[in-house]
Amino acid sequence: MNPVNIGAADLEALWLTLRLAAVTTLLLLAIGVPLAWKLSHWQSRWRHGVEVLITLPLVLPPTVLGFYLLLLFSPNHASGQWLAALWGEPLVFSFTGLVIASVIYSLPFMVQPLLASFSQNGKRLTRAAAALGMPPHAALLKVLLPASRPAIVSACALTFAHTLGEFGVVLMIGGAIPGETQVVSIALFQHVEALEYGAAHRLALVLLVVTTALLLLARWLGRAVSATSREERFMGVPG
Amino acid sequence: MNPVNIGAADLEALWLTLRLAAVTTLLLLAIGVPLAWKLSHWQSRWRHGVEVLITLPLVLPPTVLGFYLLLLFSPNHASGQWLAALWGEPLVFSFTGLVIASVIYSLPFMVQPLLASFSQNGKRLTRAAAALGMPPHAALLKVLLPASRPAIVSACALTFAHTLGEFGVVLMIGGAIPGETQVVSIALFQHVEALEYGAAHRLALVLLVVTTALLLLARWLGRAVSATSREERFMGVPG
Amino acid sequence: ATDCQLRVAAAASFRPALEALLPEFEATAQCKVQINSGSSGVLYQQALHGAPFDLFLSADRERPELLERQDKIVPGSRRTYALGLLALWLPDSAEKTSETIRGWSDTIVIADPKVAPFGVAARQVLQSLGLWDGKRAQLARAHNAGQAYLMLDAGHGQLGFVAASQMVAAGRDNYWLLPQDLYQPIEQQLVVLRQSRNADRAQALADYLLSGAVRARLAELGYGRAAGEGL
Amino acid sequence: MELTLPLFRRAVQSLDGDGLSVQGLVTSLNTDTPWQLALPAQGVFGFTGPSGGGKSTLLAALAGLRGCTGKIGFGNVTWQSGKSGLATHRRDLSLGFQDSSLFGGQTVADNLALAHRYSRRPLSPEERAELIECFGITPLLRQPVELLSGGEAQRVAVLRQLFSNAAVQLYDEPLAAVDRLQVIRKLLPRLRDFWARHPALVIWTSHDFDEIQLLATQCLWMERGALTGPLPLREVTRRLQLDSLERESCFSRLEARVLCQEEGLLTLSLGDATLYADRVAGRYRAGQSIAFLLGSGDIGLCLEQPGLSSILNCLPVELREIVPLEGGRVRLRLAAGEQEFSADISRLSRERLQLREGERYYAQFKASSLAGL
Amino acid sequence: MELTLPLFRRAVQSLDGDGLSVQGLVTSLNTDTPWQLALPAQGVFGFTGPSGGGKSTLLAALAGLRGCTGKIGFGNVTWQSGKSGLATHRRDLSLGFQDSSLFGGQTVADNLALAHRYSRRPLSPEERAELIECFGITPLLRQPVELLSGGEAQRVAVLRQLFSNAAVQLYDEPLAAVDRLQVIRKLLPRLRDFWARHPALVIWTSHDFDEIQLLATQCLWMERGALTGPLPLREVTRRLQLDSLERESCFSRLEARVLCQEEGLLTLSLGDATLYADRVAGRYRAGQSIAFLLGSGDIGLCLEQPGLSSILNCLPVELREIVPLEGGRVRLRLAAGEQEFSADISRLSRERLQLREGERYYAQFKASSLAGL
Ligand SMILES: Nc1ncnc2c1ncn2[C@@H]1O[C@H](COP(=O)(O)OP(=O)(O)OP(=O)(O)O)[C@@H](O)[C@H]1O
Ligand SMILES: Nc1ncnc2c1ncn2[C@@H]1O[C@H](COP(=O)(O)OP(=O)(O)OP(=O)(O)O)[C@@H](O)[C@H]1O
Ligand SMILES: [Mg+2]
Ligand SMILES: [Mg+2]
């Protein structure tokens with residue numbers, strides 16, 4: 001158990017982590033976009049409260065957040081029994097449980113950038129869309145989203161990265177079952193704890209390289225339209 | 001060791017944490033604003049690379065990041081000797097060390113929202129300022145910052161919250177010296193580990209309440225100008 | 001049978017030892033064992049709230065006792081499988097006596113006595129030597145013994161209390177194995193969890209870990225011999 | 001049996017009915033002077049008034065995009081009643097903002113396609129292609145809207161609104177950044193034609209009175225939060241003057257009967273006099289009664305029938321009133337038969353000609369002075 | 001010994017020298033037709049041309065805000081040479097964008113204060129107060145710029161640029177959203193006065209030719225990426241007409257000498273003739289030579305000296321050329337001495353008067369027709 005190269009267990013952990021991060025990011029995109037949109041339109045005194053509420057998962061140390069989730073999911077409590085019945089299997093120590101925890105934990109990373117972007121030009125665009133007879137959902141999907149592409153890419157990148165690095169929450173409610181709940185961050189931590197520095201360095205490097213590649217790809221896909229303007233091409237500035 | 005109310009040590013930890021979060025946020029503001037500004041103007045192919053680089057502290061599990069900081073600060077290595085010589089005292093186990101670690105760890109939280117905001121309307125405003133003879137630093141301070149108030153508040157709130165909840169890095173390089181390096185997140189985790197649930201619940205509650213109050217205050221201070229428009233007052237919408 | 005699978009929740013500090021011991025069991029018992037390692041406190045919480053563990057190897061005796069009291073274990077399965085031994089990390093040149101501690105004016109790294117068993121033991125050592133109050137200001141608290149080791153390894157301190165098993169695992173010899181009369185030995189206990197779906201096999205693994213051969217191996221790995229069989 | 005329509009086409013609202021009625025509309029701007037307005041269901045109305053008067057505010061309130069209270073109804077649908085109003089997209093209207101507000105991150109073609117897709121009365125592909133060509137947008141279709149020039153963006157915005165083809169179309173200074181030549185020669189005629197084919201209620205906001213005169217016959221006026229109208233254009237010209245009596249000229253409306261129209265020249269009879277008009281866009285029948293505008297600055301007064309001159313028109317008039325203007329000028333109220341009109345001359349002329357109220361003179365003006373034909 | 005100046009005031013650049021010279025300027029728009037331009041260090045120049053022609057692009061390139069190559073120099077400072085240029089804020093210029101680009105999150109007063117603070121030639125407090133009042137901004141000073149109406153924002157933007165008072169001032173359609181009355185009666189006269197007191201090189205972009213005529217005597221023309229100019233206004237009118245001969249009237253520029261100015265009436269001499277103007281805003285000295293505009297549609301032609309009429313002006317002219325226009329009209333090129341101007345009459349008049357090139361006639365026009373005084 002002192003692999004010269006990155007071990008099979010680590011590879012498995014890496015794959016699991018990428019899956020978790022991808023699922024979480026997609027789910028959060030589905031949750032975050034309408035949430036941020038509603039919030040950016042909400043003219044009530046409660047808006048600030050809700051915005052702060054969304055920030056709160058950041059404030060609690062992840063392990064403590066994980067602890068409270070553990071209590072929530074616990075079969076010893078009614079909440080956990082109800083959730084398990086709803087889902088058909090216990091949430092603790094399952095991939096589903098991890099996804100739920102990650103979604104809660106990474107919520108601010110998705111919602112905040114979107115909210116900032118929507119607040120800045122969302123009102124103007126939504127009005128312009130409504131003034132052409134477009135219903136709100138169409139305004140969101142066909143007008144606001146295309147105009148907010150950079151913010152969306154940035155939000156997804158943050159969420160993805162944060163889910164990759166997530167540790168405390170996963171440790172608490174997921175433990176470290178290889179192939180099921182052992183994500184890279186935990187594998188990495190365990191290498192360090194077990195004084196397997198070589199394996200730790202290698203895994204950290206692989207993680208960083210893979211993530212950098214993915215993030216660069218995302219940026220490239222989501223680059224703003226104006227980046228390819230005639231002028232920039234003229235001046236030889238690369239897109 | 002089973003306090004009925006929140007103990008003196010916890011109070012000390014709370015105070016320390018708030019100080020740490022405040023110092024980190026201020027430092028990051030000073031670093032993040034010019035950094036985001038430079039980046040938003042930078043028309044090179046490297047820009048995406050640097051943006052991803054800034055995201056990377058998110059990707060590494062905090063504990064692992066802490067481990068690498070531990071190595072960086074290590075007197076066994078040149079880097080650590082140099083830093084210690086520069087600073088005059090060892091960085092590990094000190095408040096200064098915590099601040100440095102927090103700054104690195106929370107960097108993306110400050111830079112990303114600012115970058116998103118600056119990219120969206122920074123170019124236009126900077127051009128308008130330059131076209132009135134304002135030098136770049138004046139354009140940043142007197143034009144761009146006032147116009148980006150919501151983004152700045154949001155970035156500071158995220159950074160502050162994230163520093164409060166920071167755990168892994170601090171645990172690694174700070175240990176738990178009361179009044180110097182024992183922050184709330186660690187105290188809280190220790191309560192949970194020591195099975196002092198009552199104290200944990202109370203401390204978590206105090207932390208959440210204090211943070212919520214601070215975040216609400218920040219939002220109130222930084223609310224956008226337009227929120228107090230005549231129209232909204234007319235319609236009885238509270239600011 | 002290949003479908004036999006056990007999940008062991010083991011204290012992180014015991015993981016290297018466990019990894020060394022398991023292959024033999026897996027071969028003879030025809031059963032795959034998954035290790036889920038972590039801090040004992042966390043593992044306890046997880047076991048309490050429905051984690052699918054069969055066997056719990058704690059780094060202390062407090063948490064297994066708690067589980068027993070809460071009726072979460074197979075009755076009678078709580079046993080001491082090893083004694084954690086405290087070692088003092090020393091500079092290479094230093095003498096392996098209490099005088100070294102007494103005369104030390106620099107940082108002393110210890111695990112946090114509030115949460116870590118090795119921290120409690122370290123405090124007991126200092127108290128026995130009458131140094132606890134005098135040296136308090138010099139103490140740098142790491143979260144647990146593992147982190148205390150990382151600290152010392154990275155050079156953030158030249159003197160500190162760590163687990164002997166870590167020094168052995170890392171092949172270092174710059175340590176003083178502290179006399180066992182200076183502290184209460186750290187009893188590391190195991191329990192078979194009631195929710196286990198494979199309690200027989202789990203019990204078999206527990207028995208294997210408690211067997212004489214294993215105890216001898218553990219001694220080589222830096223663990224002490226339990227004072228008596230069982231409790 | 002009803003045909004199933006694609007989901008996104010909402011039912012087309014009947015265009016007959018009462019038109020647009022606004023009662024007691026109050027926004028933050030006009031808390032003391034609620035707005036009243038009644039407009040037919042079809043027709044083009046100009047909308048003007050000093051900067052900052054509240055035009056954009058009214059349009060946004062009509063569209064439900066601005067906090068307001070009061071009553072707005074169109075046809076038999078209530079748009080606003082008290083504080084609660086129908087959502088903007090449920091009102092059969094379109095509003096073009098002063099700043100174009102194109103949809104960023106998309107091309108011109110995307111913008112137009114969206115307007116078409118959510119239109120209640122979509123245009124045919126041929127008509128769309130033809131409009132795009134006429135507005136000079138064809139070479140820009142693939143361009144991201146961020147890169148358009150000011151005038152290009154405005155043309156796209158107007159086009160987008162035409163594609164949407166709503167029953168009520170509100171335009172807020174839509175062509176202020178387009179060169180006049182293009183506006184007057186290509187865009188305005190095409191717009192007139194468009195609304196002739198697709199009747200709608202159009203409110204056209206502009207600071208360019210020529211533009212309004214070329215599109216509309218009536219005009220709304222907004223000044224310091226006070227809305228008046230619809231007024232005949234003449235009345236608006238008068239308002240533009242009241243504010244500045246010494247200003248340019250005012251237009252008077254006169255009616256005459258068509259005698260004949262030959263290539264480029266229209267001959268009219270007014271009372272006993274024959275009038276000529278040579279800047280005529282429309283086609284008229286002999287015998288038809290028509291109205292035209294005469295600028296007060298374009299008229300000269302003579303004591304006797306003048307000799308041969310390129311100034312073709314000479315109308316016997318009675319001088320009814322002399323009003324002194326600022327800056328050394330006087331305004332004469334003249335009557336030809338029952339019809340009154342104004343002429344501005346200098347005080348010097350008045351003295352030289354020794355003009356007196358009640359006397360008869362000859363009003364002289366060029367064939368090109370007859371406007372609005 | 002040098003006095004220490006506050007840090008933020010950069011050295012004032014000398015205004016004499018060669019003025020603005022642009023050689024071989026190429027942007028992405030005009031890769032085939034590099035721009036050449038030479039303008040004096042002082043003076044107001046109009047700038048117009050069809051929408052999308054490249055006006056905003058040129059202004060941005062001059063300001064160093066747009067990728068370009070070529071040479072730009074002002075006075076003895078090189079602004080751009082090849083690909084590398086001086087930073088915008090180091091060029092002694094100001095540029096007002098088409099979309100106003102006010103500084104968000106701040107009040108109107110903040111915006112003006114910033115322009116003043118970074119001005120190279122700050123205005124005196126009195127002058128600033130007076131300008132704010134004249135532009136009608138006083139009640140808006142405490143207002144956040146986000147809430148301004150379109151025209152208000154434009155007035156603030158122009159004011160901001162005046163406060164900055166740079167040596168080269170570039171304006172991009174600065175008053176397109178302000179009502180004409182205010183522009184013509186208050187803002188343009190004030191601007192003329194401002195630049196008389198603070199000489200600068202001003203390029204004033206507009207689609208409103210009246211605006212340009214009231215401010216400038218020469219004009220730049222940009223069409224499909226091709227820049228020409230400075231041209232005399234007459235030439236620009238010709239360009240505007242060439243494209244549309246049937247278009248309304250064209251203005252000609254004439255020069256005359258002041259005889260006297262009595263309240264409301266200005267008497268001029270042009271050759272042997274005496275002319276009267278009664279819509280005069282400025283103050284003139286006897287003997288001064290001044291220029292005014294005469295609309296081609298305001299002129300009538302007579303065979304003989306006409307009798308007593310309120311049409312005060314009668315100028316003996318020689319008919320140089322007859323150009324047929326569309327729609328039954330002809331344009332006459334007339335000469336009074338050395339000065340040429342145009343008059344539009346109907347074809348019918350031409351036939352009736354049997355006009356022939358080379359003959360002498362009398363041009364008749366009202367005292368109110370002399371514009372731009
Ligand atoms: N949300 C708002 N809150 C407070 N005041 C406002 C708001 N919006 C506009 N105003 C003010 O109300 C007045 C009317 O603005 P509006 O935009 O309706 O004018 P407008 O007639 O369209 O002018 P313009 O011709 O310049 O576009 C202006 O003085 C403006 O400053
Ligand atoms: N960054 C850019 N990249 C590519 N094309 C551009 C860019 N900016 C402007 N254009 C195009 O260049 C042309 C000239 O634009 P410009 O804004 O200079 O025109 P303009 O003369 O100011 O027109 P207007 O009178 O409508 O404001 C337009 O066709 C426009 O679409
Ligand atoms: Mg407006
Ligand atoms: Mg332009």
Side-chain angles (χ1 to χ4, degrees), chain B residues 33 37-38 40-44 113-114 116-156 219-235 237 239, chain E residues 7-10 12-13 59-60 62-67 86-107 110-122 142-148 157 160-172:
Chain B
V33 166
W37 195 55
K38 278 277 164 234
S40 74
H41 278 267
W42 204 19
Q43 289 288 1
S44 134
L114 290 181
S117 165
F118 289 179
S119 307
Q120 222 159 37
N121 57 16
K123 219 166 171 177
R124 206 175 55 84
L125 285 173
T126 316
R127 283 180 176 188
L132 284 172
M134 296 176 70
H137 68 271
L140 172 61
L141 293 178
K142 318 232 159 180
V143 175
L144 199 46
L145 287 194
S148 316
R149 200 132 52 125
I152 293 172
V153 171
S154 159
C156 286
R219 280 187 179 275
W220 182 74
L221 287 175
R223 70 195 183 284
V225 188
S226 59
T228 52
S229 84
R230 207 172 62 203
E231 179 182 340
E232 274 156 13
R233 271 183 277 125
F234 167 76
M235 288 305 285
V237 178
Chain E
L7 256 183
F8 49 82
R9 303 266 154 87
R10 270 134 309 139
V12 173
Q13 193 175 310
L59 297 188
L62 289 182
L65 291 172
R66 196 135 221 192
L86 204 63
T88 302
H89 68 282
R90 293 190 202 286
R91 308 183 183 194
D92 192 352
L93 63 74
S94 67
L95 166 57
F97 294 86
Q98 211 165 347
D99 66 351
S100 300
S101 284
L102 297 182
F103 301 147
Q106 309 195 35
T107 64
D110 296 335
N111 268 265
L112 295 177
L114 278 176
H116 169 67
R117 167 140 184 221
Y118 289 92
S119 166
R120 284 179 177 82
R121 298 169 204 81
R142 303 250 63 81
Q143 191 127 321
V145 294
E146 285 84 357
L147 304 183
L148 294 181
R160 207 171 55 164
Q161 225 174 325
L162 293 184
F163 278 23
S164 158
N165 194 13
V168 178
Q169 298 174 23
L170 312 173
Y171 294 85
D172 201 352

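Protein chains get the first letters and strands the later ones, always in sequence-line order, with residue 1 at the start of each. Please read these numbers as outputs of a predicted model, since none were measured by experiment.
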Test ring pair (Phe, Tyr, Trp, His ring centres under 6.0 Å) applied to E:Y171 - qualifying residues, sequence neighbours left out: E:W195, E:W204

Residue E:L170 versus chain B: region with a heavy atom under 4.5 Å: neither

Flag side-chain contact, heavy atom, 4.5 Å: B:V143 against E:L114: yes

Considering all heavy atoms, the nearest B:K142-E:Q106 contact: O-NE2, 2.6 Å

Minimum heavy-atom distance E:L65-B:A131, with the two atoms named: CD1-CB, 4.3 Å

Proximity breakdown for E:S164 and chain B, heavy-atom pairs closer than 4.5 Å: side chain

Considering all heavy atoms, the nearest B:P135-E:H89 contact: CA-CD2, 3.4 Å

Engaged part of E:N111 at the chain B interface, taking heavy atoms whose separation is under 4.5 Å: neither

Heavy-atom pairs under 4.5 Å with chain E, option from B:A139, B:A129, B:A130, B:A147 with the top count: B:A130

Closest contact, heavy atoms only, E:G105 versus B:R149: O-NH2, 4.5 Å

pair E:F97-B:R124: side-chain heavy atoms closer than 4.5 Å: no

B:L132 CG to E:N165 CG distance, which is reported to the nearest 0.5 Å: 12.0 Å

